[in-house]
Amino acid sequence: MRMSKTFGKTLREVPAEADTINHQLLLRAGMIHQVAAGVYSYLPLAWRVLKKIENIIRDEMNKAGGQELMMPVLQPLELWQETGRDLAFGKGLFTLSDRRDRKLALGPTHEEVITEMVSHNVQSYRDLPLLLYQIQTKFRDEPRPRAGLMRVREFTMKDLYSFDTDEEGLNQSYNQMLQAYQNIYSRCGLPALLVEADSGAIGGKDSHEFMVIAESGEDEVIYCPGCQYTANTDKAQSIKNKIEDGEPLPLEEVPTPGAATIEQLSDFLKVSQNRTLKAVFYIADEELIFVVIRGDLEVNEVKLKNILHCFELRLATETEVIGAGIVAGAASPVGISGIKVIADDSITSGANFVAGANKPDTHFRNANYPRDFRADLVVDIARARAGEGCPKCSSKLSSTHGIEVGHVFKLGTFISEKLGASFTDANGVSHPIVMGSYGIGLGRLLAAAIEQSHDDKGIIWPMPIAPYHIYLCPLYQESSRVSEVAESLYVELEAEGLEVLFDDRKESPGVKFNDADLLGIPIRVTVSPRTLKKDSVEIKRRSEKEPELVPLEGITERLKELVRQGLSRLPNSV
Ligand SMILES: [Zn+2]
């Protein structure tokens, strides 16, 4: 492709609206264009990357026994109401009405549609197992679309669904998919880590995510250097740091003027934060919930939501808290009634905590559970942190940042039961089909590749998903020899099946080199009067600092070999 004809312009300046690396570089490289919040067009260079990712995914799905099909974006809302997942997705589900006032949804995922279809096509155990997939557009009404292609409202996803006769079959399908996913990331040049995850609105039992490790990743991953335990923070468990028990002392009211936060309180009373009790208020489907947790810990809202079995969970506003007769800043579990109290199990170790007294500027010293207050439920609702104990082997946990690039679920039978998808076994007895669901967002994978592999000059594409293999860069084309050599090299390389972006623009060397670095094509080939004096061209790999002078003779073979190496080299494992 000739650069002079490529649709899309590179930008020198970082666009103001872009706050993440992938967003900045994709805009600067002229690869995406924002249409609305969280809605993007892909320009030709980005589209080539997406197509390569798509081909790798399709190939691995087919190898694993998947059958590709295509389902509609428009789905009857009734199907969602039958499984109850319209409520689980809540406002994230885009809904609309047609001209006859029938309610429809734009699919954020396709479990309902595919299960309804499978129920008409599977009768007997002989029809199973099945692995069915599509690569298609999805919609989710994100509350805060941001971070370029990370959090968008319309995106392309590969979604595969497995249908088995029993748990054992599901485990086999699940493991097959885990392997296929590892192959996909590896072939894309993006090593990914398998982590335990929460199943969220999708539902089901076991769930795993694949994470690409990147500084800028918005997900925190907790892992144990001692064993293989790895989980995202929504799901991660830990052994909390214990604090010493003591003899319970009598409850004592103390004035604490102006000390409303845990930090202020701990400074004012000269007690460490882990000797205080923090009160946090939530609204769970309209109900006010009082959460008590040790002052040094944070509430994990995903764990809390799972325990409450609610559809919507949010922090209560100050007005809602005051409306319930609670003194904000000095809220107390002591003497509370008429409100559901959920306590983190951290409050059961240690004694003599500082807690609110439910009077302005007043707290209690020596609050002890269960002597001074009760909770409706005492469970683990804390965010696990690095430095705490591994739940499997008690070694110290560590943490890192990652970007989710795939999510798989063991759904079990809750959807097939609700939609009547069943099969008869060899004895003629009917059972619900056992399901799994497996998704990869293509744009997210592209964005993750950039977040993981870039420098201050631009993108550094892994060869397998790079928009082109070679950036052919003639300098000072007014020299007819440069122009001739570059033109004939371009034709020859393309004829050999190499993908070449030919920078035939009449621009200065500085502009061309900057664009080459920004676009991140793996191999730059420079032809200039200086290199031709030695009958050579200059080859520079994007991932390396120094260029290399290479004789023109045999150059095509040399470049073919470099591209071949780049395509076959698997990334180091993580
Ligand atoms: Zn461990």
Side-chain angles (χ1 to χ4, degrees), residues 85 87-90 92 143 194-209 211 217-224 229-243 262 273-274 276-316 331 333 339-350 369 374-392 394 397-402 404 407-412 414:
R85 294 205 310 166
L87 298 174
F89 272 84
L194 181 68
V195 312
E196 286 183 21
D198 181 77
S199 51
I202 298 283
K205 294 176 281 181
D206 288 359
S207 166
H208 286 90
E209 281 170 355
M211 292 271 188
E218 60 178 15
D219 291 299
E220 195 184 352
V221 180
I222 298 283
Y223 67 95
C224 171
Y229 182 70
T230 315
N232 77 15
T233 40
D234 288 346
K235 174 84 177 176
Q237 312 260 311
S238 66
I239 304 168
K240 289 159 194 159
N241 299 329
K242 289 253 184 267
I243 53 170
I262 290 293
Q273 294 188 12
N274 63 11
T276 67
L277 295 180
K278 179 156 58 183
V280 196
F281 295 90
Y282 287 94
I283 302 288
D285 297 342
E286 323 268 295
E287 187 189 358
L288 183 72
I289 306 287
F290 189 146
V291 171
V292 189
I293 188 166
R294 210 170 69 198
D296 61 319
L297 301 174
E298 295 295 329
V299 177
N300 178 333
E301 294 181 3
V302 174
K303 286 185 188 173
L304 181 62
K305 195 173 171 201
N306 287 342
I307 281 156
L308 292 168
H309 299 294
C310 62
F311 290 117
E312 215 188 323
L313 182 77
R314 60 171 174 85
L315 283 168
I339 297 175
K340 188 183 270 179
V341 179
I342 311 283
D344 182 62
D345 56 13
S346 54
I347 64 154
T348 56
S349 105
Y369 177 84
R374 303 269 167 184
D376 294 283
L377 209 57
V378 180
V379 280
D380 168 38
I381 47 165
R383 280 179 84 82
R385 298 178 301 188
E388 294 174 343
C390 168
K392 301 237 160 112
S394 345
L397 291 170
S398 296
S399 82
T400 182
H401 283 272
E404 185 220 305
H407 203 162
V408 297
F409 306 85
K410 285 188 187 174
L411 295 173
F414 82 93

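We number each residue from 1, following the sequence as shown.
Side-chain atoms of Glu388 and Ser238 include a donor-acceptor pair closer than 3.5 Å.
For the pair Glu196 and Lys392, the salt-bridge criterion is met [side-chain N within less than 4.0 Å of a carboxylate O]. Ion pair Asp296/Lys278 not flagged as a salt bridge, since none of the NZ, NE, NH1 or NH2 atoms sits closer than 4.0 Å to an Asp/Glu carboxylate oxygen. Salt-bridge check for Asp380 with Lys303: passed, with a basic side-chain N closer than 4.0 Å to an acidic carboxylate O.
When all heavy atoms of Ile239 and Cys390 are compared, the closest pair comes out as CD1-O, 3.3 Å. For Ala382 against Asp344, the heavy-atom pair with the smallest separation is N-OD1, 3.3 Å. Scanning both residues, Val292 and Pro333, for their nearest heavy atoms gives CG2-CB, 3.9 Å. Taking every heavy atom of both residues into account, Ile222 and Ser399 meet most closely at CD1-CB, 3.9 Å. Across all non-hydrogen atoms, the minimal contact from Val280 to Tyr282 is CG1-CE1, 3.7 Å. Residue Ala284 comes nearest to Ile289 through the heavy atom pair CB-CG1, 3.9 Å, listed as atom of the first residue, atom of the second, then distance.
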### Query
Step by step, would you call Leu297 with Lys240 a side chain to side chain contact (heavy atoms under 4.5 Å, CB included)?
CA-CA 9 Å; Leu297 301 174; Lys240 289 159 194 159; 4.1 Å; yes
### Message
Determine whether Val291 and Ile381 satisfy the following criterion, side chain to side chain contact (heavy atoms under 4.5 Å, CB included), listing intermediate values before the conclusion.
### Response
CA-CA 9 Å; Val291 171; Ile381 47 165; 3.5 Å; yes
### Task
Decide salt bridge (Lys or Arg N to Asp or Glu O under 4.0 Å) for Glu301 and Arg383; before the verdict, give the C-alpha distance in whole Å, the side-chain angles of both, and the deciding distance to 0.1 Å.
CA-CA 8 Å; Glu301 294 181 3; Arg383 280 179 84 82; over 6 Å; no
### Message
Evaluate Asn300 against Thr233 for side chain to side chain contact (heavy atoms under 4.5 Å, CB included), listing each step before the verdict.
### Response
CA-CA 8 Å; Asn300 178 333; Thr233 40; 5.6 Å; no
### Task
Begin with the C-alpha distance, continue with both residues' side-chain angles, and end with the deciding distance and a verdict on side chain to side chain contact (heavy atoms under 4.5 Å, CB included) for Leu304 and Val299.
CA-CA 8 Å; Leu304 181 62; Val299 177; 4.2 Å; yes
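Not counting sequence neighbours, the partners of Leu377 by the side chain to side chain contact (heavy atoms under 4.5 Å, CB included) test are Ile307, Ile342, Val379. The side chain to side chain contact (heavy atoms under 4.5 Å, CB included) test applied to Asn232 returns Val195, Ala197, Glu209, Met211, Asp234, Lys235, not counting sequence neighbours.
Proximity of Arg294 to Ile243: side-chain heavy atoms (C-beta onward) are separated by under 4.5 Å at one or more points. No side-chain heavy atom of Ile293 sits less than 4.5 Å from a side-chain heavy atom of Leu277. The side-chain heavy atoms of Lys340 and Glu287, taken from C-beta on, include a pair separated by under 4.5 Å.
The distance from the CG atom of Leu411 to the OG atom of Ser207 is 9.0 Å, given to the nearest 0.5 Å.
Side chain of Asp285 to backbone of Phe311: a donor-acceptor contact under 3.5 angstrom is found. Tyr229 places a side-chain N or O within 3.5 Å of a backbone atom of Gln237 that can act as its donor or acceptor partner.
In this structure, the ring of Phe290 has its center less than 6.0 angstrom from the ring center of Phe281.
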